[in-house]
Every structure is written in C-alpha cells, then in structure tokens.
Amino acid sequence: MACVHVHAKFPILMSDPFDLGDIPEEEAARGPSISERAAAGVAAPAPYLENLNDPQREAVEALDGPVLVLAGAGTGKTRVLTTRLAHLLNTRRAWPSQVLAVTFTNKAAREMKQRIGALIGGTVEGMQWLGTFHALGAKILRRHAELAGLRSDFTILDTDDQIRLMKQVIQAADIDEKRWPARQLASLIDGWKNKALGPDQVPKGEGFAFANGKGAELYAAYQERLKTLNAVDFGDLLVENLRIFQEHPEVLEDFQNRFKYILVDEYQDTNVAQYLWLRLLARGHKNICCVGDDDQSIYGWRGAEVDNILKFETDFPGAKVIRLEQNYRSTPHILQAASGLITANQGRLGKTLWTQMNEGEKVTVKGVWDGEEEARAIGEDIEQFQRKDHSLSEIAILVRASFQMREFEDRFINLGLPYRVIGGPRFYERMEIRDANAYFRLVAQPDDDLAFERIINKPKRGLGNVAVQTLHQAARAQGTSMWRAARALIDSEELKPQARRALTTFVESVERWRKLLPALPHTELAEQILDESGYTEMWQNDKTAEAPGRLDNLKELVRSMEQFENMAGYLEHVSLVMDKDDQETDDKINLMTLHAAKGLEFDTVFLPGWEEGLFPHQRALDESGLAGLEEERRLAYVGITRAKKRAKISFAANRRIHNLWQNSLPSRFIDELPEANVEVEQQGDTYSYGPSRFDEGGFAGSDYDSPGWRRARANAGSTSTPPRRAPMIDAQATLIATSAPDAEGFARGERVFHQKFGYGRIESIEGTKLTVAFEKAGTKKVISSFVERT
DNA sequence: CCAGGCTATTTTTTT
DNA sequence: AATAGCCTGG
C-alpha cells in the first residue's frame, strides 16, 4: 500500500485497494491499519478544520456512532457535510469506497463531489457510493438483479412510462379508465412504494380507495407486468433493495460491512423506504450521520416523513445531536422574522438561529390591489435596485405556484428586465427527447415494450392502432415482448399487406441499428437512427412554432451523449438523471417557486402572493389539515431565509385564478411575523389595505369597510354560509380551512356588488361561479362569495 | 387514420 | 383562458 501523507491535499483516492468494483468481503471489511490510523493522529491538525465554528467542528469530528446534525438555514450545512467526508478520508478512517454518501438530487450529489474534490484535491473517482438514493439503489439492484427476479440490464421507467403501463393494466382489468385514471393509481402506488408497502401489505382501506377495492390487485398486476418487461420504476429501486436485504441476509451483511461510514444529506426529506434502507445499512458499523433541518421539510406531499428526523434519537440509540445555529447568511431582522414565524409550528425539534451580522433592513410587507399591480410594484423596486448597482442575479422572486410567474414575466418583458425561470420542464422530459430515447432503448433493449410502442408509429408509418393491438395480442398470446411478436408477425399473414410491409421495414431498420451498436460510436449511431427512422425529417416537415426548437434539442441531445462511454451508460444516466446542468451565470432576475428555492440564497428576495388560499394553499389545508398548514409555514420559512439582505413580502386584494376573480385576504403568515422585524410599506397612490393586525393601527387610505371586504372577511372567519365540506378544526378548535360555500341564494338578473368591478347584474350561475355583467368593467366570471347583494 | 371538436383540469417536484 | 387529452365522425 502506498505510504500515507496526511495533508489536506494528497492522492488518497488513488491508493484505495477496494476501488475495483467487486472485492472479497473480508478485505472490504478491513480498514486502514492501526499504525496508519495512529500516524494520522500524530499529524498537525488539518487546516480545513480551522475555518469551522465550534458546533461545526464538533459535527465534523464526531465520526463514530450515530450523529444527527440539525443544520438551520444558512448555518453551513454543506460545508460540514463535505468537510466531514474529507476528514473521514484524510484521517484514514475509511477508504473512499467504504463511505456511503446519499443525497436527494443529482445536483446535490454533483456539488458534493465537486467540493470534496476541492478539499482533498484531485478526483473523487474513488467515491463510488456517493449519489442519490435512486442511483445507489439502482447500483445495488444491478449487482443482485437476479435476486429480485430481474436481469441486470433492467430498464428504469420514468413517470410517463409508468402511467402508460398502468393504463394498460387498468384496461386489462376491464376497469373504466375514465372513472379511475391511471394518474391516480400511479400516485397511489407511488405512495405505497414510498412507504415500502408491497401489494400484499397495502392497508385495506387504502386499497379500497381505487376502483372499488381493486387498488392492491392492480398494484400486483402492475408489478407483474414490470417483471415481464424486465423493468422497474423509481420506487422499486429502493423497495427491491429492501426485499433483497430482507430475503438475503448475506447480501445485506456484505453491504453493512462495506459501508463503514454513512452520510445523509437533507434527512428531513427521506420517506419511509429510504429510512428503512438507511437503517438496515447502518446496522453494521452504526456510523451514520444525518444532516437536515426539520423546519425545512417541504416535501411531505411526496412522501417525506418529518418524523424520520424527529425520532432519530430513538431510532439510533446513543445518537449525538449537534445543532448548527449560527447563521452566516441573513441579517438579524430577516432571521428573527423567519424564526418568529416558524415558532407557530408544533412538531419541531427547535433551534435558535443567531447571527453576528449588523441589524440590516426590516422585512417589508406591502398590500397591493391585484396581481398585476404586484408585478408592477416589484418591477419598479427592481429598477430602483438596478440603478443602485444591485446585480440582478442576486434578486429572486419566489412564488407559491407557477401560474404566478406569468405576471412577472409579462412585466419584465415589458420593462426589458432580463430574467430566468428556474425549474420548470426538464430537458429529458421533452417529447422529442423521450422519443429519441425510446429509439435508443429499443435498439439496446429489444424487449422494451414501452419504448417499442412509443415509436412504432412515430413518424407515421401506417402502423396505427389496429396494428399495435394485433401486436399486443400476439405478444401476450406467446408470452413474449412486442418486438419478438413483431418479428414473428412479418412472416405470417395476420397483418394487412400494407401494415406488414411497413412493419418489415421497421424491424429491419432496428435490426440493422442493433448490429451497429457495438461497431459504431454511440453518438454516430444515434444520429443515424434519428435520420434513417425519419424522426428528424418528421420535425423538419412540421410547420408549427415548436418544431425548430425540437430539432435543436435533438442536436443538443446527441452532443450531450458524447460524455458517455456507450449507449448503455447514456441510457442509465438518462433514466436516473432527469436534469441537465447548464448553470447560467448571466445577470438576470431569478424567478422560481418556493420549492425550487430551497438551498439557494439571494441578496434580495421578493415573496409575492401571501394570501389566504394561495399561501397557505387552500389545497394543502383541505387535504392535509394542520399538517398541511405547518408544511406551508415551513415553506414560508424557507422563503424568508433565502434572503441575505432584504426580504419583501406582498399580497394582493384581488387575484385572478383560472380566469376567476377572487377576492383575497392577507395570509395568516403575515400576522405571525414578529412586529419588531417588519415594516409595512405603502405606495402613495395605491389603493391598499392592511393585514388584520394592522387594522386598528390606522392603515391610511384604505376603504376596507366596503361591503365586499366585509363579506370576504366574514367568509374566511366564520361558517355563516353553509360550507360544502365540514370545516377543518384542529385539536385547539382553531379553524384551519373552510371550503367555498355554494352560490346559494343568488338568482339570475339580480343586481350585485363586487369589490373590484363595482355594480353589475347576474347573467348566469354555475355552481359557485357567477357570470356577471358589470356596469363599468364588462362581463366577468366571479366567485359568488365575493359578490354582495345590493 | 386523421382532424377537429369536446371536456376536464389547473400546488409544490425528484428520481 | 388556456391547454391537453380523448372521442367521434368522416
């Protein structure tokens, strides 16, 4: 073994004897020798430790046993994580290949690799177990695929494939796909997999929730279909791991021995399956370190269990809990505003964030007339900042729902302010990219039925529904894939001559490409496939506005394939990594949802749309009650804590949602902000009214005593109008949510008053929606509860 | 097989 | 309002 230098920069990774994929078990279990470890201790304290504060350093140095690092916003979480890892390697506690480091997103994994590389120098190639839960799950599953009834070249289906497959399963079970949409089943099954429940473990009640009790049955059928397709979905990547670990203890033991140290990022976002996976793997050496912040748990709706982090100490006895509370990001006002808000939540571990920074500006709250004015006001603010040399890329607008973005985009285009939208549809999700990938998949994996079906008639080859159905039946009858069925069919008389000819050409082409697979560089082959299949041509002949963009994307796709060794490598990447990292560095305003903002920071953060119903979102309240409300509040907390210097909250009195004008109340979160850290901003000529707390305080210039306003308040605060559903009340009998009342008592032709549009006459009524011909504003659709009888 | 019209839908999003 | 997915009729 190479001699050991203990410096911050040295080629640790080159000497890892375990770096070579599969290694004998006993060897894997052996760490660096005693003398090596002792030598490490003698060396001068590593320089990277010196820049840490006390708790940070403690978190880095507490290498043994379970550790939970509660890292508040802006307290140097990533730094601790990466430094800890570097320290681990540097002190020779483990070889890089013996450390399991898990993140949620590919972005986080990339970042971690980069930063570790910078710390210890050189490459991080030896860290073969650094990645997302899913990527690591896939890696393990590929090694032991046969134990799960799969071949190691199984396909990983994305959401789209999943839903198409479920559609087939639903149809096969003779269930009305209209009444019981595949989407819904998909999310149910997803939820079950997040909880690590197999088809036989689905709780009775939940299985009943779909297709009159067929839920679990369909789940089982779906799993069966996956197995025949030699495919898994995202959830399976972990669930199958769990199954293997449970059924084959020797395999589990192998991994337990291998992973001497486990590191987990964003632990508050883990779901049950991930938690079980970690717990099993950590049972070996018990050196597991989880980093997270219960106050930033905002993914409950997709299976994350805040409970995991809340009960860490119980799960891992003897766990050390370290709190990182010194914030290096925000000013005291911002920090206190956020802290004050989050104290309204019940289930939390509790942290007290503090900072050494100077006081700074208070958080501002502004009420505006409607969404358009909100965009106008923020646009003006930004122009002001711009004049003071505030860089645009240090400004962010964080919205609750993406439809809010439009108003800002419109406004910015108008003002000529450059902006970028973060998040949104991803590269690999675009239709043309998926189509291209389906071609590649079919070539590389002949039995991939979903890929086959996707492109069999794309471009149109005269193989329509009839032909596809025939193929389906043939495949099912023979118990093979559609590809094999197709090959058999072209030698038979079953298809019409036309279809038969088309299918023959198609099959021959695919076979030709398949032969080229080992011979030709995969990028060249990709180009050839796209050309010869007529796929490129299809878009060239398409005269719609998107066509040129799609062709560009295809070119970009082929270009980006270069970084992979071969087609198989590319396909694995594409199924696990749905994002593409091209980080723009231009000076532009950042526009994104609050969810997308987690982990980011900006000098100035605008937080528009703080209105009841939008934020907290009505649906979160309706569907998850108090838990939903608390998650919304954490989202607000995340939003405020993104700001380094300025946080600017606003709310509108009127907002158009789905073309309906809604009258809105300021968000309850506004009232929960500590008064001392908030400044109410007013625009001189703007009609505005204050949040309830400011009611008495004299919020000048408002006429919130109008009938509409009174009515709106009454509506939100009481159940005087009969609610459609029972109002949600929590244990303290606090009203959480009431659903919108019906349009009871209104009649056509009646004269009404609306706060925004004035007087008008009702033209028609559909449910709670009224079409009203206003005297000044013209005909509009409005919600009945915001209209006052005159 | 395709076009065009109809209807239902519209929180957040990763892998 | 806008859009996407689905069905029906030619």
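From a predicted model like this one, the values you see are computed outputs, not experimental measurements. All chains are named by letter (A, B, ...) in the order of the sequence lines, taking the proteins before the strands, and each is independently numbered beginning at 1.
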With the criterion being N/O to N/O and under 3.5 Å, what pairs connect the protein with nucleotides 4-10 of chain C, and how long is each?
unit_1, atom_1, unit_2, atom_2, d
dC6(C), OP1, Lys167(A), NZ, 3.0
dC6(C), O3', Lys178(A), NZ, 3.3

Please write out each protein N/O paired with an N/O of nucleotides 5-10 of chain B under 3.5 Å, distance rounded to 0.1 Å.
none

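With sequence neighbours left out, Ala620(A) forms a side-chain contact (heavy atoms from CB on, under 4.5 Å) with His617(A), Glu632(A). Residues satisfying the salt bridge (Lys or Arg N to Asp or Glu O under 4.0 Å) criterion with Arg225(A), sequence neighbours excluded, are absent altogether. Taking Arg302(A) as the reference, nothing meets the salt bridge (Lys or Arg N to Asp or Glu O under 4.0 Å) condition, with sequence neighbours excluded. Among residues two or more places apart in sequence or in another chain, the side-chain contact (heavy atoms from CB on, under 4.5 Å) test is passed with Ala148(A) by Leu141(A), Leu150(A), Glu240(A), Ile244(A). Under the rule for a side chain to side chain donor-acceptor pair (under 3.5 Å), the partners of Lys458(A) that lie at least two apart in sequence or sit in another chain are Asp435(A). Scored by the salt bridge (Lys or Arg N to Asp or Glu O under 4.0 Å) test, Lys598(A) finds Glu266(A), Asp269(A) as partners (sequence neighbours excluded). Remark: Asp161(A) engages Arg164(A), Arg441(A) in a salt bridge (Lys or Arg N to Asp or Glu O under 4.0 Å) (not counting sequence neighbours).
The separation between Asp236(A) atom CG and dT14(B) atom P is 21 Å, rounded to whole Å. Rounded to whole angstrom, the span from the CG atom of Leu136(A) across to the P atom of dT14(B) amounts to 19 Å. Between the CD atom of Glu623(A) and the P atom of dT12(B) there is a distance of 13 Å, given to the nearest Å. The separation between Arg655(A) atom CZ and dA1(C) atom P is 18 Å, rounded to whole Å. At whole-Å resolution of the value, CG in Leu398(A) and C1' in dT12(B) are 13 Å apart. Distance Lys458(A) NZ to dC2(B) P: 13 Å, rounded to the nearest Å. Distance, Arg434(A) CZ to dT15(B) P: 14 Å, rounded to whole Å. Here dT15(B) presents its P atom at 17 Å from CG of Leu157(A), a figure rounded to the nearest Å.
Under the stacking definition used here (centres under 5.5 Å, planes under 30°), the residue Trp301(A) qualifies as stacked on the base of dT12(B).
Rounded to whole Å, the P atom of dT11(B) lies 15 Å from the corresponding atom of dA4(C).
For Glu672(A) and Arg633(A), the salt-bridge test passes: some basic side-chain N is under 4.0 Å from an acidic carboxylate O.
Nucleic acid contact for Gly462(A): sugar-phosphate only, since backbone atoms but no base atoms lie under 4.0 Å from a heavy atom of the residue.
Relative to the side chain of Arg400(A), the nucleotides dT11(B), dC1(B), dT15(B) differ in distance, and dT11(B) lies closest. With dT13(B), dT11(B), dT15(B) as the candidates, the nucleotide lying closest to the side chain of His617(A) is dT11(B). With dC1(B), dT13(B), dT11(B) as the candidates, the nucleotide lying closest to the side chain of Ala401(A) is dT11(B).
Taking a 6.0 Å sphere around CD of Glu372(A), one finds it holds 12 or fewer heavy atoms contributed by other residues, nucleotides or ligands. More than 12 heavy-atom neighbours from other residues, nucleotides or ligands sit within 6.0 angstrom of CZ on Arg411(A).
Taking only side-chain nitrogens and oxygens, Thr159(A) never comes nearer than 4.0 Å to OP1 or OP2 of dT15(B). Applying the 4.0 Å criterion to OP1 and OP2 of dT14(B), one finds that Asn106(A) has every side-chain N and O outside that range.
Along DNA chain B, the nucleotide nearest to Lys460(A) and the one nearest to Ser402(A) differ in position, and the one closer to the 5' end is contacted by Lys460(A).
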